[in-house]
Every structure is written in structure tokens, then in C-alpha cells.
Amino acid sequence: MKFSSLLSQYTLLSLLPSTLAYPGMGEQLSQLQKSPNKKRNSGELLGDLKTLSSSQLTTIGSDIKAILQGSKSAESSTIDQSIPAGNVGTAACKADLCCVWKWIAYEMTAKFNGTSGRCTKFARAAVRLGFHDAGVWSTSSSYGGADGSILLTDEINRAENAGLELIAEQTKAWYNKYKAYGVTMADLIQFGANVATVVCPLGPRLRTFVGRKDNARAGPTGLLPAETDSADKLISLFKAKTIDAHDLVALVGAHTTSQQHKVDTSRDGDPQDSTPGLWDVAFYGETLSSSTPVRVLKFRSDVALSKHSEAKSEWQAFVSGQGHWNSVSDPSPFDYAKAYTRLSLLGVNNINDLKECTKVLPPERKSFVSQDQVILNRWLNGEFDQLNDMVDNAVMLTGVTTGGKKN
Ligand code: HEM
Ligand SMILES: *[C@@H]1O[C@H](CO)[C@@H](O)[C@H](O)[C@H]1NC(C)=O
């Protein structure tokens with residue numbers, strides 16, 4: 001049947017290690033080089049980097065500057081495989097800045113990694129939480145951004161944050177557990193987004209910086225997008241955050257992993273592409289496609305963006321562009337990691353003083369075998385009631401192999 005052949009194509013694609021070439025890659029690249037849209041505006045600097053001279057920059061400061069300008073990759077595979085220096089709170093652990101973050105990474109990974117091998121609803125929501133804290137900022141804001149305010153104030157209760165309740169509760173619990181060890185809410189939220197991203201199969205491993213300051217003041221209003229916004233509105237909203245249309249197209253690719261709750265509450269758990277819990281590029285093609293499985297709920301904002309003149313060539317390039325969207329090759333100037341790194345630093349005015357703890361993140365997973373694909377396909381095509389947790393937990397392994405409703 002039509003859907004299954006579509007699906008198996010996507011599954012195949014997602015099985016390709018992201019380091020491998022994919023069909024048509026050469027063509028895509030040459031198209032891009034020719035594309036008039038490749039002109040980019042968002043090498044724009046942020047925060048203190050705008051005023052510091054090169055000679056004043058720390059190693060981290062100059063790396064972040066290069067990432068923002070697209071001359072250095074925002075990804076890293078450097079891993080510290082040793083056990084943490086000591087338990088949290090011990091002198092040995094306190095002496096090592098990244099020690100507490102290593103414990104936090106273990107705890108987050110356990111919550112974010114599903115028994116199906118996909119990333120869980122907590123992971124998906126953690127990525128969105130990272131966006132919703134940092135995104136409350138524009139070049140005309142004097143406060144807001146990646147400052148922890150989404151969870152330190154009542155910002156979380158704003159309508160645009162509906163759906164984030166569970167991750168909010170979980171992140172506050174982590175904060176209460178670790179704040180005595182110098183962990184800020186602002187960092188915890190961005191660290192969570194980065195751990196979540198890399199725990200999702202095929203997700204990039206972003207360089208991860210800590211040292212952001214918290215702000216107990218709720219951020220300005222009206223700066224987060226709505227699912228009903230026009231593409232023009234979305235593009236201008238993000239431009240005001242120094243995020244250009246190409247970066248925006250890369251960022252909304254995070255919906256590849258998503259399962260919506262609030263856009264249509266009668267369809268709680270319905271995914272935005274046929275491979276929820278995977279950081280693949282199926283989302284881009286399926287947003288354009290007219291024949292996606294019934295359970296795939298496309299956001300109006302994504303559909304609008306995919307057709308906009310400033311966005312569509314980039315959207316198209318990601319359709320078969322796992323490596324382009326989410327590359328480990330350095331530098332890959334259009335990709336998700338670069339755009340998210342920028343997002344994660346909005347409103348941060350001490351970028352030059354940040355430190356790096358990328359090494360404590362879990363390793364990337366460059367391939368994924370979908371053991372429960374048969375059941376997943378049936379679910380996507382409308383069988384069973386909302387098997388909301390199926391994406392997280394391998395149903396095949398727990399015995400649901402026949403048709404009909406699952407309660
Ligand atoms: C064009 C701008 C965007 C709009 C209009 C938008 C809108 C939405 C909406 C309506 C949801 C569903 C929430 C729910 O019902 O539970 C959602 C989910 C999500 N969004 Fe976005 N979004 C945008 C950009 C982004 C960006 C920039 C990121 C991150 C980089 C992001 C990451 C996510 C993730 C990971 C989810 C899934 C959450 C979950 O499964 O619980 N979105 N988004
Ligand atoms: C997540 O779980 C899968 C198996 O389901 C495993 O292969 C993978 O290593 C785990 N990831 C981490 C970071 O622990």
C-alpha cells in the first residue's frame with residue numbers, strides 16, 4: 001500500500017549513517033552553491049561578543065564567535081568516558097566544573113532514552129523547552145532569552161507553553177536537586193535540550209556551554225510563534241532574534257521528533273511525521289507530501305513556511321539532506337546545530353565567560369533499527385486508539401502484535 005512504501009523509504013533513509021553520502025547529495029550541494037538564497041544574514045554576533053575585540057576573547061568566546069559566523073562546526077564528538085570525579089557535593093566533584101553536569105547527563109539520559117530506542121516525550125519536550133526559554137528575546141529586548149525565566153517565574157503558564165507541563169515539573173525537580181552545586185536554571189534548560197537532541201537517534205551532538213545567568217523576571221510577551229502564524233510573520237519574528245529564514249527552516253526540523261498534544265487535543269500524541277522520536281529528515285518531505293499516514297498532523301506553520309519564497313529552497317534541500325541538516329562534517333553552515341547554538345545564546349551577555357562541558361554528553365547514535373516498525377505503521381495508519389507512549393516504548397517487545405484497539 002502507498003503509505004507503507006512511503007514509510008519504508010523513510011525508514012531506509014533514517015537507517016543511513018549520517019556520515020554516509022546519500023543519493024543526490026552532490027546535486028543538492030551544487031544546487032545550493034548556485035542558489036540565490038544562499039546569501040545569509042545571520043553571522044550576526046550576540047551579547048558581549050558584539051563589543052569585545054578579538055584580542056579580548058577567551059578560547060570559548062572565539063569558538064562561539066566562529067560558530068555564530070559559520071566558520072566552525074557547532075558539533076563535537078569529544079567524549080569523556082571516565083566515571084565522574086566523585087559524587088555530587090564531594091570536594092573532588094566540586095573541583096571539576098563538568099562533574100555535576102556529568103551526573104545530570106546520566107539522569108537526563110535515563111529519562112530521555114526510550115525502551116524502543118527512540119527518544120521519549122520528555123526528550124522532545126526538553127528541546128521545545130530550550131526554545132521557549134531562549135526564544136523570548138528579540139534584538140530590541142533589554143532582558144529575556146536563555147535566562148531560566150520560563151521556569152523561575154510564571155512564564156510557563158502562558159498559553160504558548162501549553163504542552164510543556166511534564167518537562168517543566170521534571171526540570172524544576174532537577175534544578176532543586178542540583179542548584180546547590182552552581183547549576184543555573186538557564187543552563188539546565190539548555191543542557192537538557194542538548195542531551196535530549198543527542199539521545200534522539202540521528203540527533204546531532206551539539207557543543208554544550210555552561211555559565212548562563214538566571215533572571216527571576218518573566219520575559220517580554222509576544223515573542224514566541226503560534227501554529228496559526230503566517231510564514232511572513234514567522235520569518236520576521238525570527239529575524240528579530242537574528243535567526244534568518246534558513247536557520248528557521250533548520251530549527252523547525254525539530255518537529256521531526258514531535259508528538260503534539262495541544263494543537264488538536266482530540267489527537268493528543270499524533271506525530272508531525274511518520275518517524276516521531278527520531279531525528280531524521282522525514283519531516284521535511286512529509287510536510288510537502290499530500291499522502292502522509294492519517295495520524296501525521298502537520299502544523300499549519302510548517303506547511304506555510306515550507307512554501308514561502310525565502311524558505312522553500314532550503315526546505316527542499318533538507319528533504320533528502322540528513323547530512324546537510326544535521327552534519328558532523330565541519331563546517332556545515334546551514335544546519336540545525338549552528339542555528340540551535342545561536343538560539344541557545346539569545347539574551348546571554350557573558351558569552352566570553354562561558355565554559356564547555358560537551359564531553360559529558362552521551363554519544364551520538366548514527367543509525368537506528370526500528371524493531372517495531374510493523375506496529376508503528378499500523379498505528380500511523382489509524383489503527384489502535386492513541387497509542388501515545390508507543391513511540392517511547394517498544395510495543396512489539398511487550399506483546400501488542402494483533403490489530404484492534406489497544407486501551
Ligand atoms: C515556526 C515556529 C514554530 C512554531 C509555530 C511551533 C509550534 C509548535 C507547536 C504548536 C507544537 C506542539 C505543542 C503541543 O501541542 O504539545 C510544537 C512542538 C514542538 N516544537 Fe515547535 N514550533 C516552532 C518552532 C520550533 C523550534 C524553533 C523548535 C526547536 C528548535 C521547536 C521544537 C519543538 C519540539 C521538539 C516539539 C515537540 C514537543 C513535544 O513532542 O512535546 N519548535 N511546536
Ligand atoms: C539508549 O537506548 C538504546 C537501546 O534502546 C541504546 O542502544 C543506547 O545506547 C542508549 N543511549 C544512551 C545514551 O544510553
Side-chain angles (χ1 to χ4, degrees), residues 79 105-106 108-135 159-168 190 193-201 203 205-206 223-231 233-238 241 243 245 247-265 267-273 276-277 279 283 297-306 308 311 336-337 339-344 346 361-365 367-372 388 391-394 397:
I79 297 184
Y106 287 154
M108 287 178 164
T109 300
K111 199 82 194 169
F112 293 161
N113 202 10
T115 57
S116 65
R118 300 183 187 85
C119 57
T120 63
K121 61 183 172 196
F122 286 95
R124 302 190 279 275
V127 172
R128 184 163 181 246
L129 181 69
F131 163 42
H132 281 213
D133 190 36
E160 62 265 30
N161 292 323
L164 291 171
E165 298 78 6
L166 282 179
I167 191 66
Q190 296 309 323
N194 287 7
V195 172
T197 305
V198 73
V199 167
C200 295
R205 194 164 180 279
L206 272 67
L223 294 175
L224 287 176
E227 195 260 351
T228 47
D229 284 345
S230 68
K233 164 129 196 239
L234 295 170
I235 288 173
S236 65
L237 192 66
F238 279 81
K241 305 183 198 302
I243 292 169
D247 282 343
L248 176 56
V249 171
L251 285 172
V252 296
H255 294 156
T256 183
T257 188
S258 169
Q259 284 180 276
Q260 73 87 30
H261 309 288
K262 307 288 178 185
V263 173
D264 183 344
T265 50
R267 296 178 56 179
D268 185 6
D270 277 3
Q272 279 55 73
D273 73 4
W279 205 271
F283 162 79
L297 186 157
K298 296 174 201 175
F299 293 155
R300 283 163 285 187
S301 50
D302 290 330
V303 173
L305 200 57
S306 71
H308 191 277
Y336 180 86
Y340 192 84
T341 301
R342 169 176 294 279
L343 180 58
S344 75
L346 298 182
L361 259 53
E364 244 176 323
R365 287 165 66 198
S367 65
F368 175 71
V369 178
S370 182
Q371 294 186 59
D372 51 3
N388 205 347
V391 172
D392 300 6
N393 305 314
L397 305 178

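Read the numbers this way: they start at 1 and go in the same order the structure lists the ligands and their atoms. The residues of the chain are indexed from 1 along the displayed sequence. Values below: every heavy atom of this structure, side chains too, minus hydrogens, waters and symmetry copies.
With respect to atom 26 (C) of ligand 1, the closest heavy atom belonging to the protein is F131 CD2, 3.4 Å.
Counting heavy atoms closer than 4.0 Å to ligand 1, residue W279 contributes nothing at all. With a heavy-atom cut-off of 4.0 Å, Q272 does not touch ligand 1 at all. By the criterion of a heavy-atom distance under 4.0 Å, the side chain of S301, and not its backbone, is placed next to ligand 1. With a heavy-atom cut-off of 4.0 Å, L234 touches ligand 1 through its side chain alone.
Within the 4.5 Å cutoff, the side chain of L206 has no heavy atoms near those of the V198 side chain.
Here is the list of ligand 2 atoms found below 4.0 Å of a heavy atom in G117: 5 (O). Residue P362 has at least one heavy-atom neighbour below 4.0 Å for each of these atoms of ligand 2: 13 (C).
The heavy atom nearest to atom 4 (C) of ligand 1, considering only C119, A126, P225, A304, is found in P225.
Taking any N or O of T109, backbone or side chain, none lies under 3.5 Å from an N or O belonging to ligand 2.
V263 counts as a contact of ligand 1, since one of its heavy atoms falls under 4.0 Å from the ligand.
Under the 4.0 angstrom criterion, atom 9 (O) of ligand 2 counts as lacking any protein heavy-atom contact.
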